[in-house]
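To keep things clear, I will list the structure first and then write my remarks on it.
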There are 2 protein chains.
Amino acid sequence: MAKQPPPTKRPAKRPTSFEVAELAGVSRSTVSLVLNGVPKANISQATQQRVLEAARALGYVPSAAGRTLASGRTRTLGLLICHAEHLRVDAFIPQALFGLNQVSQRYGFKVIVEAVEEPRPGAYLELVRAKQVDGLVVLNPRRGDAQLSELAREGFPLVIMGASEIPEVCTVSSRDNTLGARRAVTHLIALGHTRIAHISYGGLEYRGAEERFEGYRRALEAAGLPFEGALVREGDYSAESGFSAMASLLEAGAGFTALFASNDTVALGAMAALRERGLRIPEDVAVVGYDDIPLAAFAAPPLTTVRSPALEHGRLAGEMLVSLIRGERPERTQVDFELELVVRASCGAASPPRR
Amino acid sequence: MAKQPPPTKRPAKRPTSFEVAELAGVSRSTVSLVLNGVPKANISQATQQRVLEAARALGYVPSAAGRTLASGRTRTLGLLICHAEHLRVDAFIPQALFGLNQVSQRYGFKVIVEAVEEPRPGAYLELVRAKQVDGLVVLNPRRGDAQLSELAREGFPLVIMGASEIPEVCTVSSRDNTLGARRAVTHLIALGHTRIAHISYGGLEYRGAEERFEGYRRALEAAGLPFEGALVREGDYSAESGFSAMASLLEAGAGFTALFASNDTVALGAMAALRERGLRIPEDVAVVGYDDIPLAAFAAPPLTTVRSPALEHGRLAGEMLVSLIRGERPERTQVDFELELVVRASCGAASPPRR
DNA sequence: GTGAAAGCGCTAACAC
DNA sequence: GTGTTAGCGCTTTCAC
């Protein structure tokens with residue numbers, strides 16, 4: 001098996017800092033100081049030049065492992081996705097990752113993405129314990145994750161994205177999911193709907209899903225409308241789940257004129273189910289989603305939704321995490337994005353079809 | 001700034017292999033051998049037990065940097081996204097990443113995701129040169145990327161996802177994009193369409209976009225239909241770009257009855273533009289996309305598309321890369337997925353609305 | 001301003 | 001079967 005033709009392939013012999021030092025006629029420490037731009041080690045311009053040139057000439061790039069071992073820093077962040085399926089089916093993560101990636105690059109960090117398949121809590125701990133990342137962004141942790149609290153208690157740089165129940169930990173989320181959901185449902189109520197169904201994006205063990213559900217209930221309550229369990233279904237981030245949840249609602253014949261889905265992808269699936277049965281949106285059933293994924297504006301009809309700026313989430317989580325890693329106190333530790341209800345045609349209000 | 005209360009936070013003192021060795025009453029090498037499960041170093045059952053227990057008792061996890069430095073292996077893969085925007089707006093990447101993540105975990109690898117923002121070619125080289133990854137999956141490289149060929153020539157483990165122009169390099173793609181596109185367009189022609197517009201997902205510097213465009217041309221040619229530049233627009237992975245490309249096509253008044261978009265997201269954007277102008281799909285304009293993203297089946301109407309199994313792409317790329325890293329010759333070096341045209345309602349053929 | 005020296009935590013030959 | 005011995009490539013404190 002392992003029979004490769006070695007002639008054509010050089011084993012990619014990497015130069016070491018030693019060789020750079022030799023070529024520049026200085027010591028390895030000087031090379032290190034120059035390349036890391038250590039300010040207080042006043043290296044003369046001339047020496048700096050020589051070192052930089054030597055490095056370039058040799059195509060020298062410091063070994064990540066070497067510097068990690070010596071410095072204790074990895075210059076790597078981890079993005080932990082607690083529910084792997086979320087990655088596959090929803091549009092929130094890629095956007096957040098995009099934002100995180102932007103920030104990381106700016107500060108010279110790499111990003112390790114880890115999606116946890118099985119509900120083995122604390123799988124991600126390995127990344128931390130192996131000292132492979134300097135900090136961790138955790139997306140939508142399960143509630144009561146003891147390992148996570150433990151990590152936070154140890155002072156490990158940690159940012160939670162999505163609803164969190166650990167108060168001391170930096171969190172970036174949308175201003176109280178409950179509030180966003182309330183706004184969405186209140187909007188439907190204002191339009192005259194009194195029987196409003198709900199499909200969640202996950203079980204109540206996910207804080208965010210629970211909060212949005214809670215917002216739904218509160219909005220009903222505030223309007224004096226009764227809550228009916230028969231109008232509620234549980235989805236799982238996917239359009240499929242939205243489709244079948246809606247199918248189930250329709251079969252149950254519960255009778256409703258509006259839907260609040262706590263995730264756009266789920267909403268789009270539900271809309272497909274409505275269309276398949278010849279029901280019109282919004283005339284027969286008005287629909288409101290949550291997240292404002294890029295495709296929401298292009299749905300048929302364009303989806304009214306609560307904007308939860310995924311990209312900004314990623315960026316901000318990155319900023320916070322980098323601050324924490326540097327031992328600074330981040331400017332803000334609990335960031336809530338202002339939640340805007342983006343009104344489009346799916347709930348019937350007259351509005352321009354695109355954003 | 002850096003004033004943290006040290007009392008509550010232990011600095012997370014990690015145990016080393018030395019401490020495990022001490023506790024187990026063996027040497028560090030034995031610890032290493034046991035924990036790495038080196039088979040040919042017959043360690044007695046009893047010793048193994050002792051070491052394992054000691055490790056567990058201490059909560060020992062080997063330092064990634066240490067073992068990398070000593071072994072030369074990082075147990076980390078890189079996923080390189082050549083066009084960062086692709087990550088933000090399209091649904092292909094998260095699925096591929098999902099697949100890659102599955103395989104990586106199975107083989108004990110982590111995944112570093114790097115999305116290149118600026119068209120600075122070779123930015124990714126740093127990952128390789130810093131010896132931070134053992135291998136690289138490169139998604140949709142730009143054509144004529146010299147750094148990439150160089151890397152391949154050096155024998156660095158490399159797998160290209162998407163169309164590649166470097167023959168010696170392992171590639172996982174969909175069976176000749178050209179063929180898939182031909183099938184799509186031929187299907188439209190068979191339905192009686194003679195004026196078929198095309199919106200690409202990227203410029204011709206992207207091999208995949210070019211191939212799909214090529215397939216479009218060939219299909220027309222094979223049917224004796226003329227090619228018209230006026231019916232072609234360039235998109236960029238996003239629904240927005242599909243929307244405006246379609247708007248532009250309609251304004252140009254080129255007159256067409258069908259659209260082939262080389263990417264589903266673009267197709268969905270184009271469909272929104274059609275609907276906005278009151279055009280019916282497929283009666284006025286039939287639409288075929290490419291990729292079969294999860295939402296394609298839930299579009300209005302459900303989108304006919306060429307299935308390009310993103311998740312499998314990721315899985316397979318992972319398998320190949322791991323093989324290469326291990327110095328094996330992967331079972332297959334050029335994997336082309338069978339391209340299936342998934343016929344749904346958007347092109348008018350009678351068909352069940354969901355997959 | 002620059003160099004010397006001491007590790008960082010681990011693996012892998014090679015002895016025993 | 002297990003321990004000894006070298007490094008892997010870098011950073012960083014402290015002299016010079």
Side-chain angles (χ1 to χ4, degrees), chain A residues 11-22 24-52 54-55 58-76 108 126 128-132 134, chain B residues 11-52 54-55 58-76 108 128-132 134:
Chain A
K13 198 185 144 299
R14 304 169 3 87
T16 72
S17 76
F18 180 75
E19 287 154 63
V20 177
E22 263 189 333
V26 296
S27 77
R28 300 176 60 209
S29 11
T30 307
V31 172
S32 173
L33 293 177
V34 171
L35 262 46
N36 289 341
V38 178
K40 58 176 195 173
N42 295 6
I43 310 284
S44 70
Q45 284 294 332
T47 309
Q48 297 212 21
Q49 279 303 337
R50 287 214 313 285
V51 170
L52 256 25
L58 266 45
Y60 171 72
V61 178
S63 137
R67 48 179 20 184
T68 294
L69 203 48
S71 70
R73 279 171 264 113
T74 64
R75 294 153 183 276
T76 301
E126 219 179 281
V128 176
R129 300 301 178 212
K131 248 189 172 328
Q132 211 166 161
D134 292 336
Chain B
K13 201 187 140 297
R14 302 171 2 87
T16 72
S17 76
F18 179 75
E19 287 154 64
V20 177
E22 263 189 332
L23 183 56
V26 296
S27 77
R28 299 176 61 209
S29 14
T30 305
V31 172
S32 173
L33 294 177
V34 171
L35 261 46
N36 289 342
V38 178
K40 58 177 193 172
N42 295 7
I43 309 283
S44 70
Q45 283 296 333
T47 309
Q48 297 212 21
Q49 279 304 336
R50 287 215 313 286
V51 171
L52 256 25
L58 266 45
Y60 170 73
V61 178
S63 137
R67 49 176 22 181
T68 293
L69 203 48
S71 69
R73 279 170 266 113
T74 65
R75 295 151 183 277
T76 301
V128 175
R129 299 302 178 212
K131 251 192 171 326
Q132 208 163 358
D134 293 335

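In the text below, chain A, chain B and the rest are named by the order of the sequence lines, each starting its count at 1. In what follows, every heavy atom counts, from backbone to side chain, and hydrogens, waters and symmetry copies are set aside.
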- prompt: Do B:R73 side-chain atoms and B:D134 backbone N/O form a donor-acceptor pair below 3.5 Å?
  reply: no
- request: Assign each of B:V38 and B:G66 to its nearest nucleotide of DNA chain C by heavy atoms, then name whichever residue's nucleotide is nearer the 5' end.
  value: B:G66
field: Given C:dT2, D:dG9, D:dT2, the nucleotide with the shortest approach to the side chain of B:I43
entry: D:dT2
query: Sub-3.5 Å donor-acceptor pair from the side chain of B:T74 to the main-chain atoms of B:T68, do we have one?
result: no
- request: Using a 4.5 Å cut-off on heavy atoms from C-beta on, say whether the side chain of B:V51 contacts that of B:L23.
  value: no
Short N/O separations, protein against nucleotides 13-16 of chain C, under 3.5 angstrom:
none

message: From CZ of B:F18 over to P of C:dG7, roughly how many Å is that when rounded to an integer?
response: 14 Å
- prompt: Where the side chain of B:S44 is concerned, which of C:dG9, C:dT2, D:dT2 is the nearest nucleotide?
  reply: D:dT2
message: We want to know whether B:S27 and B:T30 form a side-chain donor-acceptor pair, criterion being a heavy-atom distance below 3.5 angstrom.
response: yes
- request: Enter the distance from A:R129:CZ to B:S63:OG here, rounded to the nearest 0.5 Å.
  value: 14.0 Å
- prompt: What is the distance from atom OG of A:S44 to atom CD of A:Q48, rounded to the nearest 0.5 Å?
  reply: 7.0 Å
Of residues 67-75 of chain B, the positions that come close to DNA chain D - non-hydrogen atoms, cut-off under 4.0 Å: B:L69, B:A70
query: Among the nucleotides D:dG3, C:dT2, D:dG9, which one has an atom lying closest to any side-chain atom of B:S27?
result: D:dG3
